[in-house]
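For this chain, numbers begin at 1 and follow the sequence in order. Quick caveat: nothing in here was measured; it's all calculated off a predicted structure.
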Amino acid sequence: MDAIQLIERDHREVERLFGAFDRAARAGDVREQARLAREITRELSVHAAIEEQVLYPALRRAGVEAERLDALEDHHAVKVLLSELDALGPRAERFAPKVRLVARSVRRHVEEEESELLPRLRQALGDDELRSMGEELARARRAAPTRPHPLAPDTPPANVVANAAAALLDRSRDALLEAAEVLRAMAEQGAWRSARAAREAASRVRTGGRAAVEQ
């Protein structure tokens, strides 16, 4: 997969998540909205980091400067929105509207990137260079931050160091959050089983008396 194919694949995945969030919001599924918002935040944070680390410097070398700077500003604006979203609980009245604002901003950015920036990159680089860049993007993804950091540097070389430090912190937070989610699910499952056992015991009392419970 070359660099352009990898970037476009990311775009399709984020669009899939936006669609899933809209369906969860219409269904009133708060837990699913919260889960999808975390996935959206993670995908966009990783995607922005690898573009800023690998793709945008290549565009600068290819002479695509004004559009590159506009794209960096788009990234910054979305990072600010995602930081605000992270501070909201999924039951907040502005939670879903903020996700929808993120979606509108990202869709506009994707349209501009795919219609202007990526075609110019393909013109500037050969197939071998694009494949090599795709491998570099894949490597950068493995060490990219998973949360927004709007105040961090977004151009090399400073962003490479900042991304590495942020990634360590973000992935530690992600691991703790995932562990908390597992524990919460286990607790809810245990509570459900206890409640079910209590209902079954009450039913046996009603139908068979105390002797039925003691059997």
Candidate pair Glu8 and Leu118, rule side chain to side chain contact (heavy atoms under 4.5 Å, CB included), full reasoning: CA-CA 9 Å; Glu8 290 178 342; Leu118 296 183; 3.9 Å; yes
Does the side chain to side chain contact (heavy atoms under 4.5 Å, CB included) test come out yes or no for Leu59 and Glu67, once each step is laid out? CA-CA 9 Å; Leu59 286 167; Glu67 295 88 345; over 6 Å; no
Would you please test Val106 and Glu43 for side chain to side chain contact (heavy atoms under 4.5 Å, CB included) and show each step? CA-CA 12 Å; Val106 169; Glu43 287 293 326; over 6 Å; no
Trace of the salt bridge (charged side-chain N to carboxylate O under 4.0 Å, His left out) decision for Asp74 with Arg108: CA-CA 9 Å; Asp74 288 344; Arg108 180 182 57 79; 3.3 Å; yes
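Under the 4.0 Å criterion applied to side-chain N and carboxylate O atoms, Glu116 and Arg120 are not assigned as salt-bridge partners. Under a 4.0 Å N-O distance rule, the pair Glu32/Arg35 qualifies as a salt bridge. A salt bridge is defined here as a Lys NZ or Arg NE, NH1 or NH2 lying under 4.0 Å from an Asp or Glu carboxylate O, and Asp174 with Arg171 fails to meet this definition.
Within a 6.0 Å radius of CZ in Arg9, more than 12 heavy atoms belonging to other residues, nucleotides or ligands are found. Sparse packing is recorded around CD of Glu93, with 12 or fewer heavy atoms of other residues, nucleotides or ligands lying under 6.0 Å away. Surrounding CZ of Arg12 are more than 12 heavy atoms belonging to other residues, nucleotides or ligands, all under 6.0 Å away. A 6.0 Å sphere centred on CD of Glu111 holds no more than 12 heavy atoms belonging to other residues, nucleotides or ligands.
A donor-acceptor distance shorter than 3.5 angstrom exists from the side chain of Gln5 to the backbone of Asp2, with no hydrogens or angles considered. Side-chain N or O atoms of Ser105 include one that pairs as donor or acceptor with a backbone N or O of Leu101 at under 3.5 Å. Between the Asp170 side chain and the Arg147 main chain, a donor and an acceptor come within less than 3.5 Å of each other.
Atoms CG and CE, on Leu125 and Met133 in that order, are 5.0 Å from each other to the nearest 0.5 Å. To the nearest 0.5 Å, atoms CZ (Arg23) and CZ (Arg26) are separated by 7.0 Å. With rounding to the nearest 0.5 angstrom, the CZ atom of Arg38 is 11.0 Å from the CG atom of Leu85. One finds the CD atom of Glu113 at 12.0 Å from the CG atom of Asp70 (value rounded to the nearest 0.5 Å). Note: Arg16 CZ to Ile40 CD1 = 9.5 Å, rounded to the nearest 0.5 Å. With rounding to the nearest 0.5 angstrom, the CD1 atom of Ile7 is 5.0 Å from the CD1 atom of Ile50.
When all heavy atoms of Asn163 and Gln53 are compared, the pair lying nearest together is ND2-OE1, 3.2 Å. Of all the heavy atoms in Ala144 and Val46, the pair that sits closest is CB-CG1, 4.0 Å. Taking every heavy atom of both residues into account, Val80 and Pro150 meet most closely at CG2-CB, 3.9 Å. Scanning all heavy atoms of the two residues, the minimum distance from Ala166 to His149 falls at CB-NE2, 3.6 Å. When all heavy atoms are compared, the tightest approach of Gln33 to Phe21 is O-CE1, 3.4 Å. In plain terms, the two heavy atoms of Ala3 and Leu137 that are nearest each other are CB-CD1, 3.7 Å.
A salt bridge (Lys or Arg N to Asp or Glu O under 4.0 Å) with Glu52 is found for one member of Lys79, Arg68, Arg60 and no other, namely Lys79.
Using a 4.5 Å cut-off between side-chain heavy atoms of Ile, Leu, Val, Met, Phe, Trp and Tyr, with links allowed through other members, Leu55 and Val14 fall into different hydrophobic clusters. Leu6 and Leu44 sit in two unconnected hydrophobic clusters of ILVMFWY residues. Membership requires side-chain heavy atoms under 4.5 Å apart, directly or through other members. In this structure, Leu121 is a member of the same hydrophobic cluster as Leu69, with clusters built from ILVMFWY side-chain heavy atoms closer than 4.5 Å. Cluster annotation: Val102 and Leu72 are assigned to distinct hydrophobic clusters (Ile/Leu/Val/Met/Phe/Trp/Tyr, side-chain heavy-atom contacts under 4.5 Å, transitive). Phe95 and Val78 end up in the same hydrophobic cluster when Ile, Leu, Val, Met, Phe, Trp and Tyr side chains are linked at under 4.5 Å.
The side-chain heavy atoms of Arg100 and Pro97, taken from C-beta on, include a pair separated by under 4.5 Å.
For the residue pair His47/Glu13, the side-chain donor-acceptor check at 3.5 Å is not satisfied.
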